[in-house]
Amino acid sequence: MEAKKKLPKATAKRLPVYLRYLNVLQDSGVTRIKSKGFAEITQIPSATIRRDFSYLGELGRSGYGYDVPYLIEVFSNLLDVQEEKRIALIGFGNLGKALAKNNFRRNVNLNIVAVFDNNPELIHQEVEGFYVYSIDELAQVVLQENITVAITTVPSKFSQEVVNQIVDANITAILSFAPDRVNVPKDVTVQYIDLTTELQTLIFFDREYKK
């Protein structure tokens with residue numbers, strides 16, 4: 001628990017990436033990896049990897065490297081990937097439908113179990129395999145389905161209103177695809193995904209590496 005409190009946000013965001021590649025290594029029969037080799041696989045500098053790992057204690061040994069199964073165990077425990085996370089998806093437009101269709105296939109413990117919208121043409125209809133609830137039913141469904149995480153794909157101008165309803169439903173972990181920041185209580189964590197910013201960052205680094 002202490003390690004998680006000290007983790008910088010940038011490091012925390014890389015943990016799922018590390019875990020994904022560690023699982024690939026294990027599936028390939030690799031049991032030991034050095035930071036240099038792991039850097040080549042993940043495209044994350046070895047110095048960054050060593051610094052990230054140092055926040056979690058002594059994970060490896062100088063000259064030996066890291067035990068892949070042990071790292072998987074550490075990161076799995078940190079990310080709680082062994083426990084099912086039941087997710088509410090708010091906003092069932094094109095992006096919401098794409099997320100629901102994918103439904104985190106790479107991780108069976110992440111599961112969208114209910115979708116919500118305010119479109120009268122969708123509410124109380126089955127759309128692409130999902131029953132669509134009204135956003136006004138959020139608190140009730142969250143309680144019934146034991147939902148602990150929410151993803152919102154609604155436009156920025158509606159995001160604060162929707163996040164207020166999510167908070168009122170006692171959900172404290174929110175992923176928002178609207179770039180504008182929202183106000184939440186201190187015990188609520190919001191992660192923002194701004195596709196435009198991510199794309200601009202990608203283009204910048206792609207151009208820099210080609211110089």
Side-chain angles (χ1 to χ4, degrees), residues 1 3-5 7 9 12-17 19-20 23 72-195 198:
M1 290 296 293
K4 284 194 282 189
K5 290 181 180 178
L7 282 181
K9 277 192 174 182
K13 290 178 70 173
R14 285 188 286 268
L15 294 185
V17 177
L19 181 58
R20 181 168 73 247
N23 281 317
I72 290 175
E73 180 183 352
V74 170
F75 292 141
S76 294
N77 288 334
L78 276 174
L79 296 168
D80 290 332
V81 298
Q82 305 303 324
E83 179 183 343
E84 182 190 19
K85 301 299 181 183
R86 297 174 66 80
I87 303 167
L89 173 63
I90 296 99
F92 209 47
N94 291 334
L95 177 56
K97 289 173 183 175
L99 291 171
K101 184 176 181 180
N102 178 272
N103 206 359
F104 305 100
R105 293 173 186 167
R106 290 185 178 181
N107 191 325
V108 296
N109 290 320
L110 297 177
N111 191 16
I112 295 173
V113 298
V115 300
F116 301 82
D117 205 281
N118 65 352
N119 185 344
E121 295 182 3
L122 298 180
I123 293 173
H124 298 162
Q125 303 295 320
E126 185 168 312
V127 181
E128 299 191 13
F130 284 87
Y131 181 84
V132 182
Y133 293 95
S134 166
I135 185 65
D136 294 330
E137 299 174 279
L138 180 63
Q140 175 187 346
V141 177
V142 163
L143 189 61
Q144 290 175 348
E145 297 292 338
N146 195 28
I147 293 170
T148 58
V149 180
I151 299 174
T152 170
T153 66
V154 302
S156 292
K157 63 181 179 179
F158 301 121
S159 59
Q160 183 66 64
E161 179 183 351
V162 167
V163 165
N164 289 344
Q165 290 179 277
I166 293 171
V167 171
D168 288 343
N170 294 318
I171 292 177
T172 57
I174 304 170
L175 180 65
S176 174
F177 279 85
D180 293 348
R181 274 20 185 187
V182 294
N183 297 315
V184 295
K186 290 183 179 180
D187 64 334
V188 175
T189 302
V190 182
Q191 182 72 39
Y192 300 91
I193 295 182
D194 183 351
L195 295 179
E198 295 293 337

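Heavy-atom basis, side chains included; hydrogens, waters and symmetry copies ignored.
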- Message: Just so I know, are the side chains of Val167 and Pro185 near enough to count as touching, which here means a heavy-atom distance under 4.5 Å?
- Response: yes
- Message: Using 0.5 Å steps for rounding, measure from the CD1 atom of Ile87 to the CG atom of Leu110.
- Response: 5.0 Å
- Query: Are any of the side-chain heavy atoms of Val127 and Lys97 separated by less than 4.5 Å?
  - Reply: yes
- Task: Indicate the atoms forming the closest heavy-atom contact of Ala150 with Ile171, along with that distance.
- Result: N-CG2, 3.8 Å
- Query: Do side-chain atoms of Ser76 reach the backbone of Glu73 as a donor and acceptor pair under 3.5 angstrom?
  - Reply: no
- Query: Taking only residues two or more places apart in sequence or in another chain, which ones pass ring pair (Phe, Tyr, Trp, His ring centres under 6.0 Å) with Phe92?
  - Reply: none
- Note on the structure: dist Tyr192:OH -> Ile174:CD1 (nearest 0.5 Å) comes out at 8.5 Å
- Do Val163 and Val184 come close enough that some side-chain heavy atom pair is under 4.5 Å? yes
- Item | Heavy-atom side-chain proximity of Val149 to Leu175 below 4.5 angstrom | no
- Test Asp180 against Lys157 for side chain to side chain contact (heavy atoms under 4.5 Å, CB included), laying out the working first. CA-CA 9 Å; Asp180 293 348; Lys157 63 181 179 179; over 6 Å; no
- Closest approach of Ala169 and Val142, non-hydrogen atoms and distance? O-CG1, 3.6 Å
- To the nearest 0.5 Å, atom CD1 of Ile72 lies from atom CG of Leu19 at 6.5 Å
- Query: What's the spacing between Arg20 CZ and Phe75 CZ if we round to 0.5 Å?
  - Reply: 13.0 Å
- Query: What is the distance from atom CD1 of Ile147 to atom CD1 of Ile112, rounded to the nearest 0.5 Å?
  - Reply: 10.5 Å
- Query: Which pairs count as side-chain hydrogen bond (donor to acceptor under 3.5 Å, both in side chains) when at least one residue sits in residues 113-126, sequence neighbours excluded?
  - Reply: His124-Glu137
- Distance from Ile90 atom CD1 to Ile166 atom CD1, nearest 0.5 Å? 4.0 Å
- Task: Provide the closest heavy-atom pair for Ala178 versus Pro155 in the form atom of the first, atom of the second, distance.
- Result: CB-C, 4.3 Å
- Task: Check whether any side-chain heavy atom of Phe116 lies under 4.5 Å from a side-chain heavy atom of Val162, and answer yes or no.
- Result: no
- Task: Taking all non-hydrogen atoms of both residues into account, name the closest pair between Gly91 and Val154 and its distance.
- Result: CA-CG1, 4.2 Å
- Does Asp187 CG have over 12 foreign heavy atoms under 6.0 Å away? yes
- For residues 141-152, pull every pair meeting salt bridge (Lys or Arg N to Asp or Glu O under 4.0 Å), keeping only residues two or more places apart or in separate chains. Arg86-Glu145
